[in-house]
Amino acid sequence: MQNTLSEDPLGSSPAGLETNAMAEVAVSLPVFGTYTYRVPESLQAATSVGHRVLVPFGRKTATGWIVGFPRAAPAVEIKEILDFPDDAPLFPPQMVAFFRWLAEYYLYPLGQVIEAALPGGWKARESVSYALPADVSGPSPREDLQRRILAEVETGKLTREALSRRLGQPVSKEVLQGLVRDGRLERRRRIRAGGMRPKTVRHVRFVRGAGDGEKLSKARKRVLRVVEAAGEVSLPELGRRVPGAARMVRAMETTGHVALLDKEVFRDPFGEPVDIESAPHPTEDQQSVIDAVCGVLGKGFQTYLLTGVTGSGKTEVYLRLAKAAVGLGHAVLVLVPEIALISQMERRFRSRFGDAVAVLHSGLASGERFDQWRRICSGDVSIAVGARSAVFAPFGRLGLIIVDEEHDGSYKQEGGFRYQARDVAVVRAKLDGAVALLGSATPSVQSYHNVLSGKFRELKLPHRIEKRPLASIRIVDLRQHRDARGADRWMTPTLHRAIEERLERKEQVLLFLNRRGFAPFPICSSCGDALRCRHCDISLTYHKAMGALKCHYCGFSLPAGAACPSCGGTEIRMLGMGTEKVADTLTGMFPSAQTVRMDRDAIARKGAVVRILKQLRNREIDILVGTQMVAKGHDFPGITLVGVLCADQSLHFPDFRSGERTFQLLAQVAGRAGRGDRPGQVILQTYTPDHFSIRTARQQDFRAFFREEIGFRKALDYPPFSRMALLRITGKRADRTEAFARDTGNRCDELTGGSQSFARSIQRMGPIEAPLPRIANRFRWQILLKGSGPSVLHRFLRTLLLAEDSPSPPAGVSITWDVDPYALL
Ligand code: ADP
Ligand code: ZN
């Protein structure tokens, strides 16, 4: 054996007894680094990278994944793998390098990165039960409970919960342990691997040469004829054709007329069939983009930013390029924001490529997700369309990765393994030598900066399809309506007239307000206090239809008639406005129009989004009121008026990206108007018409926005001129949380004090109380770190958080970190 590290870290060498004797395993536990285990000799030939394993870890059993086959044993004693729960690996070996990169960059345990990437529920579950030992020793117990326990397990092993249920009283661990110690009971551990299983369906196959079945009964002859004609048929199908077939085929297998076999089938995630569409002829602009990318497909890594105005036909470009890449034998990954995916991207891809497309998004049941995953893994499909987490689709080697609406905030995963799917897509393309194509009408500051600095190449679609004009945008200054009462504060005469006109012409209207619920500020008339969540430092939102005041952060709610918690006053004024109030008001104002709301509450029920979008397409909706989800990527030719009720809403967030987010949101909503034959109009109501985010959104000019914004970023040394990481310290007790935040701050000081390079390149803001200082009964503090570049920031984080002597938080306090944070609240 060589005394070097594996030269073949992907483990893609042919399976051999010697090379696969030991496996490098990443366990799904919060531990950094991987561990070496022995592979049972009988399984060495069948083992490969990507296999899930159960391994002993300390005194427990852990789930892990094989990520390599080291040639040299570590100095310590190594243990053997306990079990391989699956027949096939869950990801191809080429993905290991990608997983390792992710673990390294986001400072997240490799096994947990892999777990987050896979479609859910792989953790091993351990169940402990108690049974009578083979030979009973020890004295028989005196206590009644103990005797009753032994009587119960006489017929078979039971878990503690089952025992408690049967005896009608809680059985403590101590009692059971006592019996085990005395030799009267035996404790048995069983490990069950979690996760989905491939679904199989029994099939019946015709066997030639088993005679003509002359001697068979009439019914069996019918079965045989159906099977012979089909060659092979699923049992449910056969049962439909010949009732009772299921019972007959078993005997017919014995007589050798048919063979039975279980075949893997894929659960169908698609609600409806999609008509195959014929591809339109690309425009000249589209063709030149297609040509540019086709010219480099298969020739190595390159990232493009496709800047195309709204309605310029980016989707057609994606479809053509996907086809070209597949033609070259490459796999293609298409990422879209969740909501746009449901609305159109999935349909477009399926109508062009039929079943050759796998779809991955959160709307699928877990079995369907797993099946889609397996189709990709087994090489069955070469195109996958999906939301954020589809960036982990298990393709061995990708040729093209498309990220549509690349600016969209939903590419950032918050919570758990925090990553940015767009950024990660580019990394994956680089590792695979693939082309990454990011598209947007309102590209992120970061991506356009990458164009200007030469990292990305820009491709343009400067015109709308058929040279349709962009919607004209009219600004309405809300300051002039400050003294208006009630709904007149937001339903300005200009907007009212415009809505009326569209309704008369049977055109559709889209109204945008980025706040759901009826009223976001319930205020007590007696004491003037806002009604706040009991567990969070946040105002409750009144939801009229639900009859409740709800917290949007933790789910806490009070009944609508609740008295003021501060003074007991019962007269609560529902101030402010949300989409529910707007929709209510509109129904009153335009009673003959069909007004529908689309926000997180309205789409909570499964299938609701699809239904609303279908109604919109069929012109069964006249006015759609919604939050930012109406801004995303939809293409509805009937919408000729878009009203933005209050454009300033997102401008005043304590966040350096609030200007960027506002610009993108406004320009995107505006882009929903005038996509059909009739020109569109946008009415943008605002208190700050002179703010540059609003001015440039009005011109739908992202370059103009970028030129102003980039100056601020540079002056304040914000990304893309620096890299950030956000440390969040949360805890149940205010004092301990603050103390640990301050300790961590001091430790930062020590590190910068002890290293010139840290002192030069790392800036620290905080510890400060987070802008949302308490959520779900946890107090929140944060430290924002800025590094002049990624590598120095990573070195700093590693030393601060993962070194041997890094302080660990006191009980009840935890620290998490977010590399390249998006939400700073
Ligand atoms: P974007 O994503 O850039 O906003 P879409 O891809 O939604 O734009 O395209 C806008 C509309 O133009 C769609 O209805 C699409 O079917 C249509 N379209 C795209 N390309 C062509 C083409 N070459 N010829 C005719 N219609 C096209
Ligand atoms: Zn709350």
Side-chain angles (χ1 to χ4, degrees), residues 275 277-290 305-322 334 336-337 339-341 343-349 351-352 402-408 437-443 459-471 517 520 522 530-541 548-558 565 613 616-617 631-639 664 667-678 680 700 702 772-780 825:
D275 299 331
E277 77 172 21
S278 58
H281 200 71
T283 63
E284 232 168 83
D285 286 342
Q286 286 172 326
Q287 192 60 52
S288 69
V289 171
I290 295 165
L305 180 66
L306 174 60
T307 58
V309 296
T310 52
S312 58
K314 291 186 285 294
T315 312
E316 186 58 34
V317 170
Y318 302 153
L319 289 162
R320 298 265 170 175
L321 289 175
V334 185
V336 269
I339 193 84
L341 173 72
S343 125
Q344 68 174 12
M345 199 60 85
E346 174 187 338
R347 265 191 5 175
R348 288 273 183 85
F349 269 81
S351 67
R352 195 67 61 85
I402 293 166
V403 184
D404 189 31
E405 311 289 2
E406 65 87 28
H407 65 278
D408 199 286
L437 176 68
L438 317 181
S440 177
T442 53
L459 296 166
K460 298 180 190 172
L461 287 176
H463 308 293
R464 277 192 161 180
I465 290 294
E466 289 166 4
K467 301 274 185 295
R468 281 170 200 145
L470 282 172
L531 269 68
R532 304 177 85 79
C533 174
R534 193 175 292 160
H535 312 292
C536 310
D537 246 344
I538 282 152
S539 172
L540 295 169
T541 297
L549 293 148
K550 286 184 59 170
C551 170
H552 285 182
Y553 286 86
C554 77
F556 171 78
S557 80
L558 288 174
L613 295 176
L616 197 61
R617 187 171 300 279
K632 294 185 180 184
H634 310 296
D635 182 34
F636 293 112
I639 294 174
Q664 288 164 347
Q668 287 290 341
V669 203
R672 300 310 116 211
R675 295 168 74 95
D677 323 326
R678 301 197 183 173
Q700 300 189 58
F702 82 85
L772 298 174
R774 188 169 65 109
I775 290 183
N777 288 326
R778 288 184 81 85
F779 294 89
R780 307 170 78 242
L825 295 176

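Note that these values count all heavy atoms, side chains included, but never hydrogens, waters or copies made by symmetry. Numbering of ligands and ligand atoms starts at 1, following listing order.
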### Task
If you have a sec, read the angle at the Zn ion (ligand 2) from Cys536 atom SG over to Cys533 atom SG, to 10 degrees.
110°
### Any side-chain heavy-atom pair of Pro522 and Ser539 under 4.5 Å
yes
### Message
Looking at ligand 1, would Leu461 count as a contact under a 4.0 Å heavy-atom criterion?
### Response
no
### Distance (rounded to the nearest 0.5 Å) between Leu459 CG and Lys314 NZ
12.5 Å
### Message
Determine whether His281 and Gln286 satisfy the following criterion, side chain to side chain contact (heavy atoms under 4.5 Å, CB included), listing intermediate values before the conclusion.
### Response
CA-CA 9 Å; His281 200 71; Gln286 286 172 326; over 6 Å; no
### Message
Using a 3.5 Å cut-off on N or O atoms only, is Ser312 in polar contact with ligand 1?
### Response
yes
### Atom indices of ligand 1 within 4.0 angstrom of Thr315 heavy atoms, with elements
2 (O), 5 (P), 6 (O)
### Query
What distance do Gln668 atom CD and Gln700 atom CD have between them, rounded to the nearest 0.5 Å?
9.0 Å
### Query
Under 2.8 Å from the Zn ion (ligand 2), is there an N/O/S atom belonging to His552?
no
### Message
So, taking the atom named CG in Leu540 and the one named CG in Leu531, what distance separates them when rounded to the nearest 0.5 Å?
### Response
6.0 Å
### Message
Give the atom numbers and elements of ligand 1 that come within less than 4.0 Å of a heavy atom of Val309.
### Response
3 (O)
#### Entry: Atom indices of ligand 1 within 4.0 angstrom of Thr283 heavy atoms, with elements
23 (N)
### Test item: Phe636 and Arg675 side chains (from C-beta on) under 4.5 Å apart, heavy atoms
no
### Query
What about Lys314: any of its N or O atoms under 3.5 Å from an N or O on ligand 1?
yes
### Query
Does an N or O anywhere in Gly311 fall below 3.5 Å from an N or O of ligand 1?
yes
### Distance in Å, Arg774 CZ paired with Arg532 CZ, rounded so as to fall on 0.5 Å steps
9.0 Å
#### Entry: Subset of ligand 1 atoms that lie under 4.0 Å from at least one heavy atom of Glu316
20 (N)
### Task
Could you check which of Leu319, Ile465, Asp635 puts a non-hydrogen atom nearest to atom 21 (C) of ligand 1?
Ile465
### Straight-line distance of Asp404 CG to Thr315 OG1, nearest 0.5 Å
6.0 Å
### Task
Below 4.0 angstrom from a heavy atom of His281, which ligand 1 atoms are there? Numbered from 1 as shown, please.
22 (C), 23 (N), 24 (N)
### Message
Yes or no: does Arg675 have any heavy atom under 4.0 Å from an atom of ligand 1?
### Response
yes
### Query
Heavy-atom distance to atom 16 (O) of ligand 1: which of Glu284, Arg348, Gln287, Gln286 wins?
Arg348
### Query
So is Gly313 polar-close to ligand 1, meaning N/O to N/O under 3.5 Å?
yes
### Query
Do Arg468 and Asp677 come close enough that some side-chain heavy atom pair is under 4.5 Å?
yes
### Query
What do you reckon, does Thr310 have a nitrogen or oxygen under 3.5 Å from a nitrogen or oxygen of ligand 1?
no
### Message
Could you check whether any side-chain heavy atom of Thr310 comes within less than 4.5 Å of a side-chain heavy atom of Arg672, counting everything from C-beta outward?
### Response
yes
### Message
Under 4.0 Å, counting heavy atoms only: does Gly308 come that close to any atom of ligand 1?
### Response
no
### Query
Measuring from Asp537:CG to Arg780:CZ, what's the distance to the nearest 0.5 Å?
10.5 Å
